[in-house]
Each structure stands twice: as C-alpha cells, then as structure tokens.
Visitor: 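Starting off with a structure, shown below.
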Amino acid sequence: MITSQVVVYSQHGEPKDVLKTHTYEIDDANIGENEIIVKTLAAPVNPSDINQIQGVYPSKPEKTTALGTSEPSAPTGNEGLFEVIKVGNKVTNFKVGDWAVPAQVNFGTWRTHALAKDTDFLQLPNPDQSKAKGKKSGLTINQGATISVNPPTALLMLTHFVKLTPGKDWFIQNGGNSAVGKYAIQISKLLGFNSLSVIRDRPNLQELKDELNSLGATQVITEEENASRDFGATIKGWTKDTGGEIKLALNCVGGKNSTGIARKLANNGLMLTYGGMSFQPVILPTSLHIFKNITSAGFWVTQLLKDSELKTKTLNQIVEWYEDEKLKDAPAIQTKFEQGGEKQLHEVYQEAVANSSNGKQLITF
Ligand SMILES: NC(=O)c1ccc[n+]([C@@H]2O[C@H](COP(=O)([O-])OP(=O)(O)OC[C@H]3O[C@@H](n4cnc5c(N)ncnc54)[C@H](OP(=O)(O)O)[C@@H]3O)[C@@H](O)[C@H]2O)c1
C-alpha cells in the first residue's frame with residue numbers, strides 16, 4: 001500500500017480557508033492492467049489554480065467522493081511533474097522511471113502520489129533518457145513541472161493564429177517581463193520573429209531591459225514610450241528597417257495598456273488577450289476596427305490543448321529547446337514538502353499561495 005496525500009476542497013473560497021489534506025491508500029499490489037502509479041516530483045501554484053479554488057475559473061474539477069473523502073471534494077492543482085513508479089501489465093506507453101505530466105487540466109497535481117489510467121498522462125524524457133539521446137541537457141524539475149502552461153501559451157500565441165515572416169515581422173506585447181512574456185521573447189527569437197515588449201517604468205528599468213535583451217528581445221520600451229506620439233516614429237523606423245509589420249499583439253494587462261499595443265498593429269492585425277492583470281476591460285477604439293480592420297480575440301491554453309495531438313507536438317518542441325539549452329525557464333521559489341513532516345500538504349500550499357506575489361512558487365516532493 002502507498003499512502004497518498006492530496007490537497008482538496010469541498011467548498012469554494014479563499015485557499016487559506018477551504019483547503020484540506022486528504023490521506024488515502026493506493027493498493028499498488030492490485031494495479032489495473034492499463035493503470036500507472038506516479039509519484040509527484042513538483043507542482044507549482046498558478047493564478048488559475050487559485051481562481052479555481054475560489055470558484056471563479058470556468059474550468060474546474062468535479063467534486064466527488066472517489067478518493068474516499070467524507071463529502072464530495074475536488075483535488076487542486078493543474079500543472080505538475082510526476083515519475084512513474086509502477087505500471088499495469090498492459091501499459092505500453094510508460095515504464096517505471098519515466099517522467100510524466102497530466103494530459104489534461106483538472107487532474108489535481110497538489111498531491112504526493114496518484115493512481116491513474118495510462119492515457120491520463122503524457123511522457124516527458126527524464127534526464128537519463130535525454131542524455132542517452134545525446135542531448136546537451138536534461139529537463140530540470142522546474143522545467144518539467146511548469147512546461148504545460150506558460151511555454152505553450154507563448155509558443156501557440158506566436159504561431160497558431162497569424163503567420164509572421166521570420167526576419168521581417170514583429171509582434172508587440174504588454175507585460176513584457178511576465179513569465180509568459182519572457183517565453184514569448186525567447187521563442188520569437190528562436191523562430192526569427194522580431195519582438196517589441198512593453199514594460200512598466202521602474203527604478204531598475206535598465207536592469208530589466210538588460211535581462212530581457214539577454215533573453216533575445218528585439219526592442220523593449222516603457223508604457224510611456226509606447227503611449228508617446230513622438231516615439232511612434234521610432235517604432236515605425238524599426239519595422240521599416242526589417243521590411244516587416246507588427247501583425248500580432250499579445251495582451252495580458254487590459255485597460256489603456258491594451259489600447260496602447262493595439263494602436264501599433266498594422267492593418268488587419270490581431271490582438272490576442274490572454275490575461276487581465278489590470279482588471280480593466282480591453283479597450284479598442286472604434287477607428288481601429290473600421291479603418292485598420294483590427295481583430296481582437298481571446299486565447300486560452302486550456303481550451304486549445306484539449307487537442308492532445310497539438311499538446312504533444314507543442315510539448316515536444318519545448319522539450320527539444322530545453323534539451324538543446326535554447327530556452328531558459330522562468331525561475332521559481334522552491335519549497336520542499338516532507339511527507340510526515342511538521343506541516344501538512346495543504347498548509348505548505350496555503351503558504352505558497354500567500355507568497356505568490358513574491359514570485360512563482362514551486363513545491364517539490
Ligand atoms: N489565457 C491563458 O491561456 C493563459 C496562460 C498563461 C497565463 N495566463 C495569464 O497571463 C497573465 C500573466 O501570467 P504570468 O504568469 O506570465 O504573470 P506574471 O509572471 O506574474 O507577470 C505579470 C505581469 O503583469 C504585469 N502587470 C501586473 N499588473 C499590471 C498592471 N496593473 N498594469 C500593467 N502591467 C501589470 C506585471 O508587470 P510589473 O512587473 O510591472 O508588475 C508583469 O509583467 C495572468 O493573468 C495569467 O493568469 C493566461
């Protein structure tokens with residue numbers, strides 16, 4: 001028997017109030033022929049996990065008593081990295097020691113172990129397997145545990161909707177220093193696209209610009225520069241120099257920041273909104289629609305990656321970039337959970353949620 005712990009909630013509310021640890025046994029001696037048992041290596045806290053617990057996220061796990069909870073409960077966490085520790089005798093897509101990520105969201109990744117169908121997971125190479133393939137590098141725990149949301153968001157937004165011509169075309173993004181924004185900068189560089197990243201002014205602006213430039217940013221400007229008519233001529237000069245256009249805008253802020261980047265789009269350009277960090281609605285002047293035929297659309301990685309073929313293809317590309325050391329992961333603040341230690345699993349996650357404003361939180365096991 002394997003003693004598993006999982007963070008659950010039976011009612012929506014703030015994570016500090018509603019999370020509980022549920023402990024149950026997995027009978028590893030009687031594993032089904034198409035089942036696998038995994039142990040968790042790491043699972044992060046994402047903004048969507050918190051919204052899900054609060055009950056304000058459109059996609060949520062069902063509340064059931066399947067794990068033996070006294071009242072219908074839902075497991076928490078959507079992203080995470082697991083190691084396969086046992087496989088049923090008809091499982092062909094996994095072997096013991098493989099690394100795996102949930103094939104879909106709502107799996108409940110804030111847990112120590114899980115018993116699942118083999119089709120519930122997708123395989124990732126573990127570091128030994130990458131080495132055996134002759135790769136420069138193996139995935140780190142952080143890369144594997146955070147591979148399912150932010151890197152695919154950046155890659156798909158850049159490639160799935162608008163055809164940017166390498167060496168010529170541009171995309172513009174606000175929140176240029178966000179985790180997604182940093183992946184977008186790196187991936188656009190890998191694909192040969194030009195990036196124009198808009199960030200908020202700050203005392204250490206040059207330091208942040210240097211960091212984004214070192215990731216491969218083409219240009220980094222402040223919100224004030226983006227809003228300035230005079231500076232607009234400089235931006236036009238940049239796009240003229242490459243012979244391309246700004247065909248895509250990525251918006252994670254909303255409000256006047258979304259207007260600011262939409263104004264820089266060429267005729268027939270597309271703005272994809274994937275976040276609303278300012279909590280302000282997207283504002284698009286009528287003239288941009290009528291005279292420039294700008295389109296505004298939403299992007300939701302959860303919806304797009306329900307297509308498991310697309311998910312596998314997207315993850316494979318990201319794995320390859322990590323193995324070739326062409327992509328840097330966003331750093332996370334790591335806390336190790338000790339099963340049987342002083343703190344229960346839900347308490348460790350409650351602290352991580354509370355500390356989320358200090359940076360991305362990753363619980364390792
Ligand atoms: N739709 C999807 O499929 C999808 C996928 C992944 C992420 N997301 C969403 O995308 C957003 C960004 O995620 P992330 O993990 O990359 O975030 P993050 O690393 O925490 O970065 C947040 C960014 O937002 C900026 N920001 C925050 N409040 C702002 C404001 N009032 N005005 C202007 N800028 C502001 C921050 O700039 P400062 O440094 O200046 O504070 C920073 O650049 C989140 O809303 C997340 O839920 C959506």
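Atom set for the values below is all heavy atoms of this structure, side chains included, hydrogens, waters and symmetry mates excluded. We count residues from 1, following the sequence as given. Order of appearance sets the numbers: ligands from 1, and atoms from 1 within every ligand. As the structure is a prediction and not an experimental result, all values here were calculated from the model.
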Visitor: Any atoms of ligand 1 less than 4.0 Å from a non-hydrogen atom of Val301? List them with their elements.
Guide: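 Counting atoms of ligand 1 from 1, those under 4.0 Å from Val301 are 2 (C), 3 (O).
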Visitor: For Trp300, is there any backbone N or O sitting under 3.5 Å from a side-chain donor or acceptor partner on Gln303?
Guide: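 Checked: no pair found.
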Visitor: Where the side chain of Glu79 meets the backbone of Val149, is there a donor-acceptor pair that is under 3.5 Å apart?
Guide: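 Flag set: sc Glu79 to bb Val149 pair under 3.5 Å.
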Visitor: Ion pair present between Lys20 and Glu71, side-chain N to carboxylate O less than 4.0 angstrom?
Guide: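 Here Lys20 pairs with Glu71 in a salt bridge, since their nearest N and O are under 4.0 Å apart.
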Visitor: Checking a contact table here: which protein heavy atom is nearest atom 46 (C) of ligand 1, and how many Å away?
Guide: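 Heavy-atom neighbour on the protein nearest atom 46 (C) of ligand 1: Pro47 CG, 4.2 Å.
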Visitor: Quick check: Thr302 and ligand 1, any N/O pair under 3.5 Å apart?
Guide: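 No, there is no polar N/O contact under 3.5 Å.
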Visitor: Would you indicate whether the side-chain heavy atoms of Ile199 and Leu212 approach each other to under 4.5 Å?
Guide: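 The answer is yes, as the side chains (C-beta and beyond) meet within the 4.5 Å cut-off.
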Visitor: Do Lys343 and Glu351 sit within salt-bridge range, that is, some charged N less than 4.0 Å from a carboxylate O?
Guide: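 Yes, this pair counts.
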Visitor: Of Lys133, Lys131, Lys136, which meets salt bridge (Lys or Arg N to Asp or Glu O under 4.0 Å) against Glu323?
Guide: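 Looking at Lys133, Lys131, Lys136, the match for Glu323 under the salt bridge (Lys or Arg N to Asp or Glu O under 4.0 Å) is Lys133.
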Visitor: Numbering the atoms of ligand 1 from 1, which are under 4.0 Å from a heavy atom of Val180?
Guide: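 This gives 6 (C), 7 (C), 16 (O) as the contact atoms.
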Visitor: Specify whether Trp110 and Tyr349 have parallel, tilted or perpendicular ring planes, treating 30° as the upper limit for parallel and 60° as the lower limit for perpendicular.
Guide: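 Parallel.
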Visitor: Would you mind listing which atoms of ligand 1 come within a distance below 4.0 Å of any non-hydrogen atom of Val253?
Guide: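 In order of numbering, the contacting atoms are 32 (N), 33 (C), 34 (N).
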Visitor: How far is atom 5 (C) of ligand 1 from the closest protein heavy atom, and which atom is that?
Guide: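 Going by distance alone, atom 5 (C) of ligand 1 is nearest to Thr153 OG1, 3.2 Å.
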Visitor: By number and element, which atoms of ligand 1 are closer than 4.0 Å to a non-hydrogen atom of Trp300?
Guide: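 By the 4.0 Å cutoff, the relevant atoms are 1 (N), 3 (O).
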Visitor: Is any N or O atom of Ala179, backbone or side chain, closer than 3.5 Å to an N or O atom of ligand 1?
Guide: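 Between Ala179 and ligand 1, an N or O pair is found under 3.5 Å apart.
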Visitor: Note the single closest protein heavy atom to atom 4 (C) of ligand 1, along with its residue, its atom name and the distance in Å.
Guide: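 I find the closest protein heavy atom is Tyr274 O, 3.7 Å.
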Visitor: Less than 3.5 Å between some nitrogen or oxygen of Ser278 and one of ligand 1, yes or no?
Guide: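 Min N/O separation from ligand 1 is not below 3.5 Å for Ser278.
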Visitor: Counting both backbone and side chain atoms, is some N or O of Glu223 under 3.5 Å from an N or O of ligand 1?
Guide: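 It does not: no N or O of Glu223 is found under 3.5 Å from an N or O of ligand 1.
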Visitor: Are Asn226 and Lys264 packed together at the side-chain level, in the sense that at least one heavy-atom pair is separated by less than 4.5 angstrom?
Guide: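 Side chain of Asn226 against side chain of Lys264, heavy atoms only: contact under 4.5 Å found.
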Visitor: Going by the order shown, which atoms of ligand 1 are within less than 4.0 Å of some heavy atom of Asn150?
Guide: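 In order of numbering, the contacting atoms are 6 (C), 7 (C), 15 (O).
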Visitor: If you measure from each heavy atom of Gln280 to ligand 1, is any distance below 4.0 Å?
Guide: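 Contact absent.
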Visitor: Tabulate below the donor-acceptor pairs under 3.5 Å that side-chain atoms of residues 174-182 make, not counting sequence neighbours, or state none.
Guide:
from: Asn174; atom 1: OD1; to: Cys252; atom 2: N; distance (Å): 2.9
from: Asn174; atom 1: ND2; to: Asn251; atom 2: OD1; distance (Å): 2.9
from: Ser178; atom 1: OG; to: Gly175; atom 2: O; distance (Å): 2.8
from: Ser178; atom 1: OG; to: Gly181; atom 2: N; distance (Å): 2.9
from: Lys182; atom 1: NZ; to: Glu211; atom 2: OE2; distance (Å): 3.0

Visitor: Around atom 31 (N) of ligand 1, find the nearest protein heavy atom and jot down its residue, atom name and distance.
Guide: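 Protein heavy atom with the smallest distance to atom 31 (N) of ligand 1: Arg200 NH1, 3.5 Å.
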Visitor: Using a 4.0 Å cut-off to any heavy atom of Phe299, which atoms of ligand 1 qualify?
Guide: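 In order of number, 1 (N), 2 (C), 3 (O).
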Visitor: Please write down residue, atom name and distance for the protein heavy atom closest to atom 23 (C) of ligand 1.
Guide: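 Closest protein heavy atom to atom 23 (C) of ligand 1: Ser178 CB, 3.5 Å.
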Visitor: Does any N or O of ligand 1 fall below 3.5 Å from an N or O anywhere on Asn177, backbone included?
Guide: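 Yes; at least one N/O pair falls below 3.5 Å.
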Visitor: Report the nearest protein non-hydrogen atom to atom 27 (C) of ligand 1: residue, atom name, distance rounded to 0.1 Å.
Guide: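 Heavy-atom neighbour on the protein nearest atom 27 (C) of ligand 1: Met277 CB, 3.5 Å.
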Visitor: When you measure from the side chain of Thr259 to the backbone of Ile283, do you find a donor-acceptor pair of N or O atoms at a distance under 3.5 Å?
Guide: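 Yes, Thr259 side chain to Ile283 backbone: donor-acceptor pair under 3.5 Å.
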Visitor: For the side chain of Asp169 and the backbone of Ile246, is there at least one donor-acceptor N/O pair under 3.5 Å apart?
Guide: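 Checking the backbone N and O of Ile246 against the side chain of Asp169, no donor-acceptor pair under 3.5 Å is found.
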Visitor: Flag atom 20 (O) of ligand 1 as yes if some protein heavy-atom distance to it falls below 4.0 Å, otherwise no.
Guide: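 No, no protein heavy atom sits under 4.0 Å from atom 20 (O) of ligand 1.
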Visitor: Against heavy atoms of Gly175, which atoms of ligand 1 measure under 4.0 Å?
Guide: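 Counting atoms of ligand 1 from 1, those under 4.0 Å from Gly175 are 43 (O).
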Visitor: Please confirm whether the backbone N or O of Phe82 pairs with a side-chain atom of Lys39, one donor and one acceptor, at under 3.5 Å?
Guide: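 A pair under 3.5 Å: no.
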